[in-house]
Student: 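Handing you this structure, nothing more for now.
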Amino acid sequence: MSSSSGVPESWISSFCSLLGHEYFAEVSEEFIEDDFNLTGLQTQVAMYKEALEMILDVEPEDDDDDEEEDDEEEENESGLGDGQDRGSGRHAGERRHSRMASDLSVIESSAEMLYGLIHQRFICSRAGIQQMSEKYELGHFGCCPRTNCELARTLPVGLSDIPGEDTVKLFCPSCLDVYVPPNSRFQTVDGAFFGRTFGALFLLTFPEYDLTKRGAEVLSPMTSRIAAEETLLNGMFAKNIAPSLGAGHIYEPRIYGFRVSERARSGPRMQWLRDRPEDINELDEARSYAEQFAESDDDGDENPNVNGRVIVRRRPPGNARLRQRQNQNGSPMQLSTNGAESEL
């Protein structure tokens with residue numbers, strides 16, 4: 001293949017430009033050439049060496065040509081007839097051509113599988129996740145199909161890291177759910193090529209993205225990022241914690257204007273799964289615990305012993321079951337030399 005400028009297009013560029021491969025990032029050749037990044041893939045991909053050479057656009061070694069030259073030299077030395085040589089050479093060439101065509105299709109499918117598994121690791125690296133963030137900002141991954149999310153941007157994820165188990169899905173960080181891509185061309189892409197790590201790692205790497213923005217506001221660089229003075233909750237901006245859930249973002253079935261009770265036959269079920277507290281700070285359990293038990297901790301600090309240390313009650317050594325039986329019977333128990341219990 002060649003681009004419009006006349007420069008030959010690489011295998012990676014041509015693969016990512018195929019219809020249905022819009023979610024893929026272009027893995028750098030430096031990442032692929034590092035053997036550490038390919039650890040364990042040799043056992044998962046058939047014809048691994050040939051597939052890797054195809055991805056890197058490396059010309060395969062001409063082992064067949066060398067064998068042909070050796071055969072010709074041996075035949076000339078043995079003095080075989082010209083007619084017999086031509087007939088045997090013609091049949092050998094046909095068998096070699098059919099074998100190369102079948103091997104080429106296997107190598108092509110192996111190269112796609114190998115590139116997908118490398119892509120799963122690449123998008124979790126610093127260079128790969130930065131490339132995916134650029135595609136996320138431009139909206140290459142589409143929007144959430146849920147109405148109450150109001151076209152929130154999504155991320156491609158996989159439900160399994162093992163190839164062949166499921167297709168790629170779209171993860172919405174606004175409602176924390178996954179969906180099938182709306183276009184059918186993405187339903188042939190393996191979800192293992194993106195994996196289960198990328199979605200959560202992306203949100204941890206780029207916490208400054210404002211998930212509350214919708215539509216054209218997302219494309220504006222001034223409004224798509226959160227200001228540094230916003231409140232944090234467990235290391236994450238509070239306004240980014242499931243902004244499309246809670247009151248006003250959950251569908252309420254109504255009949256003639258009256259809400260349907262959850263106990264009704266047609267009532268909503270498991271609606272609490274999409275619930276969200278009005279005050280998001282209620283989810284900060286660490287701070288709530290500190291505020292609730294701060295007074296008791298301070299009281300313990302005000303009662304030091306003579307040496308200035310805090311008095312700590314410790315459990316006396318011994319068998320807890322034996323102490324319990326002593327308290328119930330009122331008489332202490334004593335162990336004899338053979339281990340049996342006897343009363344004093």
Side-chain angles (χ1 to χ4, degrees), residues 22-26 119-120 122-159 168-183 186 191 194-252 271-288:
E22 290 82 0
Y23 295 165
F24 284 93
E26 293 191 11
H119 182 269
Q120 177 195 134
F122 176 71
I123 59 177
C124 293
S125 64
R126 179 177 299 179
I129 205 169
Q130 181 65 37
Q131 190 177 149
M132 296 295 279
S133 69
E134 297 175 0
K135 297 172 73 68
Y136 176 76
E137 291 180 356
L138 297 175
H140 288 184
F141 305 134
C143 303
C144 180
R146 183 170 176 264
T147 301
N148 289 320
C149 284
E150 300 176 0
L151 301 180
R153 291 177 297 182
T154 55
L155 293 167
V157 296
L159 302 182
V168 65
K169 298 294 185 292
L170 294 178
F171 168 68
C172 176
S174 186
C175 64
L176 305 180
D177 212 338
V178 292
Y179 302 90
V180 177
N183 201 316
F186 297 111
F194 298 89
R196 297 177 295 178
T197 304
F198 168 69
L201 184 63
F202 184 89
L203 298 178
L204 292 175
T205 307
F206 303 101
E208 67 275 5
Y209 280 125
D210 193 351
L211 304 181
T212 61
K213 299 300 179 180
R214 300 290 184 266
E217 296 179 349
V218 176
L219 301 179
S220 176
M222 301 300 295
T223 60
S224 62
R225 303 298 177 97
I226 298 180
E229 58 269 11
E230 291 287 340
T231 59
L232 292 173
L233 179 61
N234 295 332
M236 186 176 180
F237 287 103
K239 64 185 302 183
N240 271 349
I241 301 178
S244 293
L245 297 182
H249 297 281
I250 303 177
Y251 174 72
E252 295 182 351
Q271 194 173 9
W272 56 272
L273 289 174
R274 294 191 179 274
D275 198 6
R276 182 176 183 266
E278 295 182 359
D279 185 10
I280 199 62
N281 293 320
E282 295 179 7
L283 300 177
D284 195 352
E285 298 179 356
R287 187 177 64 180
S288 301

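The residues of the chain are indexed from 1 along the displayed sequence.
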Student: Please report the shortest heavy-atom distance between A242 and L176, naming the atom on each side.
Tutor: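 Where A242 meets L176 most closely, the heavy atoms are CB-CD1, 4.0 Å.
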Student: Just jot down the ring pair (Phe, Tyr, Trp, His ring centres under 6.0 Å) partners of F194, sequence neighbours excluded, or say none.
Tutor: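 Ring pair (Phe, Tyr, Trp, His ring centres under 6.0 Å) list for F194, sorted by chain: F24, H119.
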Student: Donor-acceptor check, side chain of S244 to backbone of C175, threshold 3.5 angstrom: yes or no?
Tutor: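 Flag not set: sc S244 to bb C175 has no pair under 3.5 Å.
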Student: A side-chain contact here means heavy atoms from C-beta on lying under 4.5 Å apart; do K135 and Y23 qualify?
Tutor: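 The answer is no; the side chains never approach within 4.5 Å.
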Student: Output all residues satisfying side-chain hydrogen bond (donor to acceptor under 3.5 Å, both in side chains) with N240, sequence neighbours left out; order by chain, then residue number.
Tutor: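 Listed in chain order: nothing, the list is empty.
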Student: For V168 and V157, what are the C-alpha separation, side-chain angles and deciding distance, and is it a side-chain contact (heavy atoms from CB on, under 4.5 Å)?
Tutor: CA-CA 6 Å; V168 65; V157 296; over 6 Å; no
Student: Closest approach of L170 and P182, non-hydrogen atoms and distance?
Tutor: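 Nearest heavy atoms, L170 then P182: CD1-CD, 4.1 Å.
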Student: I'd like to check the side-chain hydrogen bond (donor to acceptor under 3.5 Å, both in side chains) partners of R146; sequence neighbours left out, ordered by chain and number.
Tutor: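 Not a single residue meets the side-chain hydrogen bond (donor to acceptor under 3.5 Å, both in side chains) criterion with R146.
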Student: Tell me the closest heavy-atom pair linking R153 and Y209, and the distance in Å.
Tutor: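 Residues R153 and Y209, closest heavy atoms: NH2-CD2, 4.3 Å.
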Student: Sequence neighbours left out, what passes salt bridge (charged side-chain N to carboxylate O under 4.0 Å, His left out) with K239? Give chain and number order.
Tutor: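 Scan of K239 (salt bridge (charged side-chain N to carboxylate O under 4.0 Å, His left out), adjacent residues dropped) gives D210.
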Student: List in chain and number order the residues that pass side-chain hydrogen bond (donor to acceptor under 3.5 Å, both in side chains) with E134, two or more places apart in sequence or in another chain; answer none if no residue qualifies.
Tutor: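 In terms of side-chain hydrogen bond (donor to acceptor under 3.5 Å, both in side chains), with neighbours along the sequence ignored, E134 is linked to no residue.
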Student: Return the set of residues passing salt bridge (charged side-chain N to carboxylate O under 4.0 Å, His left out) with R274 (not counting sequence neighbours), or none when no residue passes.
Tutor: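 Counting only residues at least two positions away or on another chain, R274 forms a salt bridge (charged side-chain N to carboxylate O under 4.0 Å, His left out) with D177.
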Student: Got a list of side-chain donor-acceptor pairs under 3.5 Å for residues 195-207, not counting sequence neighbours?
Tutor:
residue, atom, partner, partner atom, Å
R196, NE, D161, OD2, 3.4
R196, NH2, D161, OD2, 3.3
T205, OG1, L201, O, 2.6

Student: Between F122 and A127, what is the shortest heavy-atom contact and its length?
Tutor: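 Reported closest heavy-atom pair: CZ-C, 4.2 Å.
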Student: Test of understanding: with side-chain hydrogen bond (donor to acceptor under 3.5 Å, both in side chains), list the residues that count as partners of E26, not counting sequence neighbours.
Tutor: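 Once residues adjacent in sequence are excluded, E26 has no partner under the side-chain hydrogen bond (donor to acceptor under 3.5 Å, both in side chains) criterion.
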Student: Measure the CD-SG distance between E150 and C143 for me, rounded to the nearest 0.5 Å.
Tutor: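 Rounded to the nearest 0.5 Å, the CD-SG separation comes to 11.5 Å.
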Student: Could you grab the distance from atom CD1 of I250 to atom CZ of R276, nearest 0.5 Å is fine?
Tutor: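 Here the interatomic distance stands at 11.0 Å.
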Student: Quick one: ring pair (Phe, Tyr, Trp, His ring centres under 6.0 Å) partners of F237, sequence neighbours excluded?
Tutor: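 Not a single residue meets the ring pair (Phe, Tyr, Trp, His ring centres under 6.0 Å) criterion with F237.
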Student: Which atom pair, heavy atoms only, marks the closest approach of N148 to Y251?
Tutor: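 The pair with the smallest heavy-atom distance is ND2-N, 3.8 Å.
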Student: Could you pull out the closest heavy-atom pair between P156 and M132, with the gap in Å?
Tutor: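 Shortest heavy-atom contact: CG-CE, 4.1 Å.
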Student: Could you list the residues that satisfy side chain to side chain contact (heavy atoms under 4.5 Å, CB included) with A152, not counting sequence neighbours?
Tutor: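 With neighbours one apart ignored, the set is C149, C172, S174, R214.
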